[in-house]
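Below: one structure, written as structure tokens.
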Amino acid sequence: MIPTRKRIFILLFLIATLGLLLRILSYPRTQLVLKEEPHYRRAPGAPLPVLVTVFYEALCPDSKYFITKQLLTTYKAAAPIMEVQLVPYGKAHTTTDNEGKFIFDCQHGPTECQANMYHACVSEVIDDALTRLEVVTCMIRDNRNPKDAMQKCTKQYNVENADLIQKCFDSSHGSELMKLNGDATHALRPPVTFIPTITLDGSQGNQASILKDLFTEICKSAGGIAKAESICKNH
């Protein structure tokens with residue numbers, strides 16, 4: 001028979017051990033948290049800004065020209081009447097290996113696949129719409145070393161959570177974003193034949209006009225938005 005004092009000691013030991021285990025299980029753990037909801041949000045009942053969706057490739061010269069010469073300048077002039085959604089993927093292909101991991105084959109080679117993924121992670125992590133677009137524009141100007149481009153451009157625009165971009169790229173989440181971008185690109189009707197392809201509120205419309213003068217096409221699509229008239233007539 002176990003002595004009373006020893007039984008009390010064992011009981012106290014078990015209670016202390018249980019308490020420590022509960023504290024460990026309930027202690028908050030630091031983890032990478034990336035938003036699942038899209039950046040594009042509309043206020044209930046408000047006139048809808050024009051949704052500009054850009055299907056592009058990070059090493060494509062035509063994509064580079066459109067983003068640097070049309071998209072960023074138009075957004076700076078017409079931000080109140082437009083929203084931008086970036087879909088870096090283009091004419092890539094997605095397969096899976098024996099372990100179920102995604103494998104990407106990009107039009108301009110493996111470096112473009114890396115750059116596309118960094119662009120996807122930038123779009124996921126950076127909340128501010130203008131900063132997000134400025135960083136992507138900065139990166140696409142020289143994406144020969146995608147990681148260096150991301151680090152240089154996030155530093156240039158004072159992005160405080162740039163570490164989350166790298167964590168996104170290094171984790172399976174970056175591949176998942178690329179897979180989703182591929183699904184969205186392949187779902188376009190008519191199918192993509194030229195990169196970049198731009199849609200305004202889901203419509204491909206007149207691609208030649210959109211690529212040449214995005215601002216004018218935004219103004220044509222922005223009827224009913226109160227700020228559109230003053231923005232468009234003063235440009």
Side-chain angles (χ1 to χ4, degrees), residues 38-40 42 47-94 104-109 112-113 115-120 122-124 129-130 132-143 177-225 227-229 231-235:
H39 293 298
Y40 186 62
R42 294 162 165 171
L48 305 182
V50 179
L51 175 56
V52 182
T53 307
V54 184
F55 298 86
Y56 73 103
E57 296 166 341
L59 293 184
C60 166
D62 291 314
S63 296
K64 175 181 177 179
Y65 184 87
F66 176 77
I67 289 174
T68 58
K69 302 299 184 182
Q70 287 288 328
L71 185 62
L72 181 60
T73 53
T74 298
Y75 186 80
K76 286 182 175 180
I81 62 171
M82 63 183 288
E83 295 278 355
V84 176
Q85 184 175 21
L86 299 170
V87 187
Y89 187 84
K91 295 182 179 180
H93 299 282
T94 303
F104 304 102
D105 180 18
C106 297
Q107 181 169 232
H108 299 95
E112 180 169 78
C113 287
N116 283 345
M117 192 176 298
Y118 272 113
H119 281 233
V122 163
S123 295
E124 175 83 358
L130 177 58
R132 184 166 62 243
L133 190 52
E134 286 176 329
V135 169
V136 164
T137 303
C138 172
M139 289 167 61
I140 205 169
R141 286 194 173 104
D142 184 4
N143 263 150
L177 291 175
M178 284 289 291
K179 173 63 164 58
L180 291 173
N181 284 349
D183 292 344
T185 302
H186 294 311
L188 275 177
R189 293 294 180 271
V192 166
T193 57
F194 181 81
I195 294 298
T197 289
I198 319 301
T199 66
L200 304 183
D201 287 334
S203 172
Q204 295 184 35
N206 187 331
Q207 284 295 291
S209 297
I210 293 172
L211 291 169
K212 183 179 179 180
D213 189 356
L214 178 63
F215 183 88
T216 296
E217 295 304 310
I218 292 290
C219 288
K220 289 179 181 177
S221 300
I225 302 177
K227 297 181 179 180
E229 184 177 354
I231 289 172
C232 293
K233 74 178 183 181
N234 292 328
H235 182 68

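Please read all numbers here as calculations on a predicted model, not as lab measurements.
Below 30°, between 30° and 60°, or above 60°: for H186 and H93 the angle between ring planes is below 30°, a parallel geometry.
Atom NE2 of residue H119 and atom CG of residue L177 lie 13.5 Å apart, to the nearest 0.5 angstrom. The distance from atom SG of C219 to atom CD1 of I231, rounded to the nearest 0.5 Å, is 8.0 Å. Taking CD from E124 and CZ from R132, the interatomic distance works out to 10.0 Å, rounded to the nearest 0.5 Å. From I210, atom CD1 reaches atom CZ of F215 across 15.0 Å, with rounding to the nearest 0.5 Å. To the nearest 0.5 Å, the span separating NZ on K212 from CG on N206 amounts to 10.5 Å. Atoms OG1 and CG, on T137 and L72 in that order, are 4.5 Å from each other to the nearest 0.5 Å.
Scanning all heavy atoms of the two residues, the minimum distance from T197 to Q207 falls at CA-OE1, 3.5 Å. Pairing each heavy atom of M178 with each of F104, the nearest pair is CB-CZ, 3.3 Å. A pairwise comparison of heavy atoms in N143 and I140 identifies OD1-CA, 3.4 Å as the closest pair. Across all non-hydrogen atoms, the minimal contact from D62 to I195 is CB-O, 3.6 Å. When all heavy atoms are compared, the tightest approach of P49 to E83 is CG-CG, 3.6 Å. Nearest approach of Y56 to S63, heavy atoms of both residues: CB-OG, 3.4 Å.
Between the side chain of S203 and the main chain of G205, a donor-acceptor pair closer than 3.5 Å is present. Checking side-chain atoms of K69 against main-chain N and O of K64 turns up no donor-acceptor pair under 3.5 Å.
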*Determine, step by step, whether L51 and L200 satisfy the side chain to side chain contact (heavy atoms under 4.5 Å, CB included) criterion, reporting the C-alpha distance in whole Å, the side-chain angles of both residues, the deciding distance to 0.1 Å, and the verdict.*
CA-CA 6 Å; L51 175 56; L200 304 183; over 6 Å; no
_Test side chain to side chain donor-acceptor pair (under 3.5 Å) applied to E57 and Q107, step by step_ = CA-CA 8 Å; E57 296 166 341; Q107 181 169 232; 2.9 Å; yes
*Should Y118 and N116 be marked as a side chain to side chain contact (heavy atoms under 4.5 Å, CB included) after you check the CA-CA gap, both sets of side-chain angles, and the distance that decides it?*
CA-CA 6 Å; Y118 272 113; N116 283 345; over 6 Å; no
*Given the rule in the side chain to side chain contact (heavy atoms under 4.5 Å, CB included) test, do K76 and L130 qualify, once you have shown the distances and angles that lead to the verdict?*
CA-CA 8 Å; K76 286 182 175 180; L130 177 58; 4.2 Å; yes
*CA sep, side-chain torsions, deciding dist, call: Q70, L211, side chain to side chain contact (heavy atoms under 4.5 Å, CB included)*: CA-CA 7 Å; Q70 287 288 328; L211 291 169; over 6 Å; no
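For the pair M82/T74, a side-chain contact is recorded, criterion being any heavy-atom separation below 4.5 Å from C-beta on. Taking 4.5 Å as the limit, some side-chain heavy atom of C232 sits within range of a side-chain heavy atom of I81. No side-chain heavy atom of V52 sits less than 4.5 Å from a side-chain heavy atom of Y75. Counting heavy atoms from C-beta on, the side chains of F55 and I198 never come closer than 4.5 Å. Contact of the L86 side chain with the N181 side chain is not registered, since no non-hydrogen atoms from C-beta on lie closer than 4.5 Å.
Within a 6.0 Å sphere centred on OH of Y65, heavy atoms belonging to other residues, nucleotides or ligands number 12 at most.
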